[in-house]
There are 2 protein chains.
Amino acid sequence: MMHTTVHDGGSTLSERSARHPVAMRRTSTGAFETIGVPMEFARNEEIYCEGDPVEYLYKVASGTVRTCKVLADGRRQIGAFHLAGDIFGFDVGAEHGSFAEAVTNCTILVVKRSALTELAARDGAVARELWVMANREVARVQDHMPLLVKSAQERVAGFLLELAARQPGGDTVELPMSRQDIADYLGLTIETVSRTLTALEQEAAIALPNSRRIVLRNRPALREMNA
Amino acid sequence: MMHTTVHDGGSTLSERSARHPVAMRRTSTGAFETIGVPMEFARNEEIYCEGDPVEYLYKVASGTVRTCKVLADGRRQIGAFHLAGDIFGFDVGAEHGSFAEAVTNCTILVVKRSALTELAARDGAVARELWVMANREVARVQDHMPLLVKSAQERVAGFLLELAARQPGGDTVELPMSRQDIADYLGLTIETVSRTLTALEQEAAIALPNSRRIVLRNRPALREMNA
DNA sequence: CGGCGGCTTGATCGGTCTCAAGTACGGTGG
DNA sequence: CCACCGTACTTGAGACCGATCAAGCCGCCG
């Protein structure tokens, strides 16, 4: 049905841990920064994959990550893009129901879930931190859902506003991800995404200095079509 | 664009609490059953609404609940149906970003979030319980997303399988919700849902003894089209 | 019996997918 | 420096699926 990229399996976390050890950094305060182990991943590298045991939680220190599912027919659905500061890896149960890949080169803080929950059992503040993290994740996914039932223009406009709100840089948005990634995130095809961006440019709602940089020229108009 | 029901605002929780006090029940073990206050809601009654302060968490004791968002153009997106045993009200932040309504008459256990988190801060077991609840909610919402990017037949088939898995009763599924609810859950129109059910019946994948009861006659076929 | 709400069915329209070229960009080697 | 290549992106023409508009049908209740 929809043309999507096919991904080969990745190596295990333990292998990778040995391959990419990074000097500890403890600049920030939360539990993640205290007990998290920084690891580096190259563009398109697999961070964890579907069926992996759920052992860790991850926080993006720098770069961008995508979490995806592959449907039986090969289509790929991207559930979320995770930017610096975001936490991911929330799958419940024994195995991951989705997989995570580096969209760009990135540094990820990795912590064992058991370490976090043990810490939380002793320290109420950590428990509250975990609680807030999980609630924020629920809110993110819930906010993404309405995006999937709108028209192509509404989806793309909403996506650009969402990205602009999460990035510094005012009206200029840098896209870390490809058109294919955007399409799989919005439930559209790459062609429709491209066409829609062109249309938005012609309506003077945005400017496209190049394919990975977008300037929001008319936010009210974008918000309007975001419905 | 899409025809949807329009909902009027509901009364506040405190009003309702005074209106529908129900005798305490403490049959089950978790924190919810220990400190939760049972309340009754009539069909289509509002449990909380968008913009309400986020103060409580809810657990379905009996009946079915829907949590929805209303888009700016009036369309309604149902994020989830909550059956007996499910917990809802996970919105993060000061205000609810969605609203919850009773699909059928139902009994809901209500607890103050602050009471839960205080309990969790003192009791690691409760903290772990909260953590599991939140993770389960994340998983549910993540599983719903792929459903919104498929064809109508795939969505309806997936919906029926999901409902059958969550209900007792084997191959016979009782639909607590209207066609409009299903449509708003799947991001389709009521006409498409109806047509698709008819088509599935003609393919002998299901039987429709009446409009609110569905018998799964060929699960493999349904799973197949669920992709 | 008549009316009403929920559901089904039909005919047409439009938006998005699909298939297929064409173009811009970055890298590599001559 | 330029010719070449591969990848990512854009653009075009046509088919298809689901939305829309519009009737009919059914069960329920007064």
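Naming convention: chains lettered A, B, ... in sequence-line order (proteins, then strands); numbering from 1 in each chain.
A donor-acceptor contact shorter than 3.5 Å links the side chain of A:R212 to the backbone of A:P176.
At the phosphate of D:dA19, OP1 or OP2 sits under 4.0 Å from a side-chain N or O atom of B:T192.
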Please set out all donor-acceptor pairs under 3.5 angstrom arising from side-chain atoms of residues 137-149 of chain B, sequence neighbours excluded.
residue, atom, partner, partner atom, Å
B:D143, OD1, A:K69, NZ, 3.2
B:H144, ND1, B:G79, O, 3.2
B:H144, NE2, B:Y185, O, 3.0

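A:K150 places its NZ atom 18 Å from the P atom of C:dG15, with the value rounded to the nearest Å. What separates CG of B:L148 from C1' of D:dG18 is a distance of 15 Å, to the nearest Å. With rounding to whole Å, A:D181 atom CG is found 12 Å from D:dA8 atom C1'. A:I182 places its CD1 atom 8 Å from the P atom of D:dC9, with the value rounded to the nearest Å.
With sequence neighbours excluded, the residues satisfying side chain to side chain donor-acceptor pair (under 3.5 Å) with A:E174 are A:R213.
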Using a cutoff of under 3.5 Å, can you pull out all pairs of nitrogen or oxygen atoms linking the protein to nucleotides 4-8 of chain C, with atom names and distances?
residue, atom, partner, partner atom, Å
C:dC7, OP1, B:R212, NE, 3.0
C:dC7, OP1, B:R212, NH2, 3.4
C:dC7, OP2, B:R179, N, 3.2
C:dT8, OP1, B:R179, NH2, 3.1
C:dT8, OP2, B:R179, NE, 2.7
C:dT8, OP2, B:S194, OG, 2.7
C:dT8, O5', B:S194, OG, 2.9

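A salt bridge links B:R66 with B:D181: at least one charged nitrogen is closer than 4.0 Å to a carboxylate oxygen.
Comparing A:P209 and A:R155 by the nucleotide of DNA chain C that holds the closest heavy atom to each, the one mapping nearer the 5' end is A:R155.
Distance CD1/B:I182 to CZ/B:R155: 14.0 Å, rounded to 0.5 Å. Distance check: B:H82 NE2 to B:I108 CD1 gives 9.5 Å after rounding to the nearest 0.5 Å.
Side-chain proximity of B:A152 to the nucleotides D:dA19, C:dC17, D:dG18 is greatest for D:dG18.
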